[in-house]
Amino acid sequence: MDIIMAAKNLIIEVKGLHARFGAHVVLENINLNVHHGEVLTIVGSSGSGKTVLLRQMLGLDTPFRGTVQVFGQPIYNGNRDVLQSMRNRCGVLFQKGALFSALSVYDNIALPMRELHTLDEGMIHNLVMLKLKMVEIEAQHANKMPAELSGGMIKRIALARAMALNPELLFLDEPTSGLDPVLSDSFVKLILTLRAELALTIVMTTHDLDTLVALSDRVAVIADQHIVALDNLRNVIGNSHPFITNFFGGDRGKRALTGMGDNF
Amino acid sequence: MQIRQVASENGVPRLVLSGRCTLSALEQQLQSLSAELTTFAADPNLYWDLTGIEQLDDAGALLLWQAWGACRPEHLSLQPEQERLFDRLGNIPAAPEPVPRDLLGPIRAIGNTGFLVWDHIIGIIVLAGQLLLDVKFLVTHPTRIPWREISVTLFRTGAQALGITALVGFLIGVVLSYLSSRQLQTYGADIFIINILGVSIIRELGPMLAAILVAGRSGSSMTAQLGVMRVTEELDALAVMGIPHSMRLILPKIIGLGIAMPLVVLWTSAIALVGGMVAAEIQLGLSYQFFFSRLSDVVPIANLWLALGKGVVSGMTIALISCHFGLRIKSNTESLGEGTTTSVVTAITAVIIIDAIFAIIFSNVGIL
């Protein structure tokens, strides 16, 4: 019974994944499950393959070996319609926002809605303005082009676009990098609110310990091409792998962890 | 989502909604559902019960909100989370009005184009002046001459362009020779094919073909390269290191293309003549040996020097124009595409103008 329940709750299933660029092996035999409603954070040093793993989960790169299943569907081959409906259930926030520079803020968020071909313009207008309000962007910025925006605004608008279709699964690649601490905190709060309101499953990569502590239910640590720890934060910190002791044990780590208080 | 109408104990009609009311769940039935809900909303006494809804997102809430006519119905029961969702719907800000159309727009656009052209001309002159100052500096500091960059440009714009210019040159030579020989045959003036091919290819077609191909090939790549460097802030990085990009990026390109271009012109003309010679042999039976020996008699050597001169000038102009437009690119993708197009079009136009100027100035040179 437990097994059936677990299978039903499985959002992403990565099995035996290998990734390499030419002869350079980036990831080796990665096995990872993401369950419904959890926030899984992937951490690792720069160049450890976090983004590679994320790209494989998104289907942007094909793994050298192994499989990735999202919502129980393999993402590399299969029916076009099935893949499209799966894509509509995922939202992605790219590290630099990846807003379309030829489209205004409004059109950037409206694009995925228009692509559904089921919503009328009136409804799209209301939804876009709602999303903008959700990420605390004022209406007057709606007609601006991405080139006119600051980094923090780009990030928030990119989040609004990622949330355009109310996805069940959200990928965040370095959600708080490039934001000042205040903005970064409010961004984390925003994600927490969204998570409380919608039944969101989140997969994210981050270097920022505050973000990690505030958001993650489970942490996957990548080092030496493998996942060296995959557990809740308390157990991961207890791990004695040198990367983990360095990552959480440094001054910055201690500072972030003392802030955790009773949640820990 | 399911809609169920029930009569409650006190006789008030109740509408019970249940199931998932989200964008992904409603996708296909959005239109029909909207109409159905609107008819229900027409009854003000209806009691709406939303507590049975499993999942409600802003799209679903918006659907209900629009059916209600942008206000809450009199009788409504909600879950606390839904309450918040509808509160937020209460004051959706309107998108700012798009800028109204300007009646004088077209006239203004013409004027702006004029200013823009003027601006570009000034920009190119300023850039050329800057380069002159750089050259002056390099003459006194010969160790700072960017040899490596010049050689890269020579390789990319010269050596790598040999294939395409040869192919195009050969085909043009064949076509020109074939068409002209048919005409000459009717007058019995077969032998003049050598004069026609020699003068037209060496003096005009070779330099023009090479210049247009190089403008399209290397000009666009120079503009795009500088444009991407602007987008990725590489130009700024060079500037803060105190490396002037006019000296390190632009000057080598102009010198490199100034050297490569006459060589490409020579190559293109040679291959085009070979193409013409082959076609003349097939069509008119002129032997290769005869073709060669006549060629030096009927085409004065001045034509070749003219062609090489045109090559140097057009090569440097192409590089200058491409770099100018590359530096003007703003950091967005649309500007990159637009800038590259304008750059190539301007470079090709400039090359043709240069050709015309040469034709007028040297109208008495090299013609028997």
**Student:** Whether the Ser77(B) and Asp49(B) side chains hold a donor-acceptor pair (N or O, under 3.5 Å, no angle test) is what I'd like checked.
**Tutor:**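 Per modelled atom types, Ser77(B) and Asp49(B) side chains form a pair under 3.5 Å.
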
**Student:** Are there residues of residues 235-242 of chain B whose heavy atoms fall under 4.5 Å of chain A's heavy atoms? If so, which?
**Tutor:**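 Hits under 4.5 Å: none found.
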
**Student:** May I ask you to check whether Asp208(A) and Thr206(A) show a side-chain donor-acceptor distance below 3.5 Å?
**Tutor:**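 No donor-acceptor contact under 3.5 Å links the two side chains.
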
**Student:** Who pairs with Arg20(B) by salt bridge (charged side-chain N to carboxylate O under 4.0 Å, His left out), at least two apart in sequence or on another chain?
**Tutor:**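 Checked Arg20(B) against salt bridge (charged side-chain N to carboxylate O under 4.0 Å, His left out); zero matches.
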
**Student:** Less than 3.5 Å apart, any donor N or O on the side chain of Thr340(B) or Thr223(B) sitting next to an acceptor on the other?
**Tutor:**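 Judged by distance alone, the side chains do not pair up.
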
**Student:** Counting only heavy atoms closer than 4.5 Å, note whether Glu138(A) contacts chain B via side chain, backbone, both or neither.
**Tutor:**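 Nothing of Glu138(A), per the 4.5 Å heavy-atom cut-off to chain B.
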
**Student:** Pick from Leu165(A), Leu132(A), Asn88(A): which one has the most heavy-atom pairs with chain B under 4.5 Å?
**Tutor:**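 Looking at each of Leu165(A), Leu132(A), Asn88(A) in turn, Leu165(A) comes out on top.
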
**Student:** Give me each pair satisfying ring pair (Phe, Tyr, Trp, His ring centres under 6.0 Å) with a member in residues 76-97 of chain B, each pair once, sequence neighbours excluded.
**Tutor:**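 Counting only pairs at least two positions apart or across chains, the ring pair (Phe, Tyr, Trp, His ring centres under 6.0 Å) contacts touching residues 76-97 of chain B are Trp68(B)-Phe86(B).
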
**Student:** May I have all residue pairs that pass side-chain hydrogen bond (donor to acceptor under 3.5 Å, both in side chains) and include part of residues 109-120 of chain B, sequence neighbours excluded?
**Tutor:**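 Every pair satisfying side-chain hydrogen bond (donor to acceptor under 3.5 Å, both in side chains) with a residue in residues 109-120 of chain B: Asp119(B)-Arg328(B), His120(B)-His324(B).
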
**Student:** Any heavy-atom pair between the side chains of Phe187(A) and Leu159(A) that's under 4.5 Å?
**Tutor:**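 A side-chain contact exists here, since the closest heavy-atom pair is under 4.5 Å.
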
